[in-house]
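When reading the values below, keep in mind they use all heavy atoms of this one structure, side chains included, and skip hydrogens, waters and symmetry mates. All values derive from a computational prediction rather than experimental measurement.
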There are 2 protein chains.
Amino acid sequence: MYAALADGSRRTMVDRLSRGPATVKQLAEPLTMSLPAVLQHLRVLEESGLVRSEKVGRVRTCRLEPAALQQAEQWIADRRAGWTARLDRLEAFLEEDEQ
Amino acid sequence: MYAALADGSRRTMVDRLSRGPATVKQLAEPLTMSLPAVLQHLRVLEESGLVRSEKVGRVRTCRLEPAALQQAEQWIADRRAGWTARLDRLEAFLEEDEQ
DNA sequence: CTGATGGTTAAGCACTTGCTTAAGTATCCA
DNA sequence: TGGATACTTAAGCAAGTGCTTAACCATCAG
């Protein structure tokens with residue numbers, strides 16, 4: 001899933017989708033690459049669970065899957081929390097030592 | 001930076017570091033790969049800004065850089081926020097429509 | 001029906017990544 | 001001093017990634 005976010009073009013796509021659903025064409029518009037390339041990025045995003053899409057007529061509409069984003073966010077938050085907790089304990093220890 | 005977190009071995013290293021500083025040897029211990037491979041992962045983590053390390057004697061000690069982690073977390077949080085804000089507006093609109 | 005639109009598939013290619021082994025270098029300890 | 005410890009560098013390689021072009025399929029509008 002972080003692998004999906006590792007690519008700049010894909011982050012641009014996620015950014016676009018965070019402002020609302022979009023078609024493949026619309027996702028491709030700000031990107032300087034061929035449509036097949038965009039399709040491949042979209043596939044990566046879908047496989048990571050970050051994006052869901054469905055086709056109506058000849059138009060495929062994509063939308064963000066906030067639950068997946070939250071999961072990624074949570075992992076980082078947890079590691080960071082562990083680290084700051086450690087710092088707090090160290091601080092408390094130094095404080096205690098001072099007395 | 002997400003590229004740095006994209007690899008499982010590197011996430012294992014970050015996880016270890018979230019529980020406190022560690023030497024290269026300690027980081028390598030849970031990983032089933034050669035030491036040079038670990039060094040290469042460490043280099044990626046340092047270049048991403050997620051980890052800082054310094055060498056004393058013959059031992060290199062690594063520690064997490066929480067600011068970088070927070071930055072990654074923030075980006076995700078922002079995209080997610082944009083999306084949920086959209087949902088809220090939609091909900092408000094539907095509610096209004098109902099009256 | 002026919003052309004334009006929106007998407008899809010397949011093949012190929014340059015470049016990057018994630019390892020490996022082999023051969024160092026620089027401490028530290030007895 | 002001499003061996004063990006803790007990294008470090010360099011070279012090489014198999015697999016994966018991010019594109020491309022060419023060709024194709026399925027709507028939709030006129």
Given the options B/R63, B/R16, B/Q26, B/P21 meets side-chain contact (heavy atoms from CB on, under 4.5 Å) only with B/R63
A/L45 has an atom CG; how far is it from atom P of D/dT17, in whole Å? 14 Å
Strictly distance-based, threshold 3.5 Å: is any side-chain N or O of A/Y2 a donor or acceptor partner for the main-chain N or O of A/A72? yes
Nearest-angstrom distance from the residue atom OH of A/Y2 to C1' of C/dT17: 20 Å
I'd like to know if A/Q40 reaches the base of C/dT9 with its side chain, counting only an N/O donor and acceptor under 3.5 Å. no
Send over the distance from A/R60 CZ to D/dC28 P, rounded to a whole Å. 14 Å
Trace of the side-chain contact (heavy atoms from CB on, under 4.5 Å) decision for A/I76 with B/L5: CA-CA 10 Å; A/I76 299 180; B/L5 290 175; 4.2 Å; yes
Does OP1 or OP2 of D/dT8 have a side-chain N or O of B/K55 closer than 4.0 Å? yes
Using the salt bridge (Lys or Arg N to Asp or Glu O under 4.0 Å) rule, take B/R52 and B/E46 through it: C-alpha gap first, then chi angles, then the decisive distance, then the call. CA-CA 6 Å; B/R52 188 165 39 88; B/E46 293 207 47; over 6 Å; no
Nearest-Å distance for atom pair CG/P, residues A/L39 and D/dT20: 13 Å
Quickly work out the B/K25 NZ to D/dT5 C1' distance and round it to whole Å. 7 Å
Using the closest heavy atom to pick a nucleotide of DNA chain D for each, name whichever of A/V44 or B/L35 lands nearer the 5' end. B/L35
From the list D/dT21, D/dC19, C/dG7, which nucleotide is the closest neighbour of the side chain of A/S34? D/dT21
Say whether, by atom type as modelled, one donor and one acceptor occur between the side chain of B/R10 and the main chain of B/A4 under 3.5 angstrom. yes
In which stems does DNA chain D show up, taking only runs of three or more Watson-Crick or G-U wobble pairs whose two distances fall under 3.5 Å? C:1-30 with D:1-30
Rounding to an integer number of Å, can you tell me how far B/L31 CG sits from C/dT20 P? 10 Å
Kindly point out which of C/dG7, C/dA22, C/dC19 is positioned nearest to the side chain of B/A37? C/dC19
Looking at A/R58, I'd like to know whether one of its side-chain N or O atoms comes within less than 4.0 Å of OP1 or OP2 on C/dT8. no
Could you give the CZ-to-P distance, from A/R43 to D/dG16, as a whole number of Å? 14 Å
Quick test of your reading of the model: are A/R60 and A/E54 salt-bridged, counting only N-O distances below 4.0 Å? no
For A/H41 and for B/L42, locate the closest nucleotide of DNA chain D by heavy-atom distance; then report the residue assigned to the nucleotide nearer the 5' terminus. B/L42
Choosing from C/dT20, D/dC19, C/dT8, which nucleotide comes nearest the side chain of B/M33? C/dT20
Heavy atoms only, 4.0 Å cut-off, all strands: where does B/R10 land among base, sugar-phosphate and nothing? sugar-phosphate
In this structure, how many angstroms lie between the P atom of C/dT17 and the CG atom of A/D7, rounded? 11 Å
Ionic contact status for B/E29 with B/K25, cut-off 4.0 Å: no
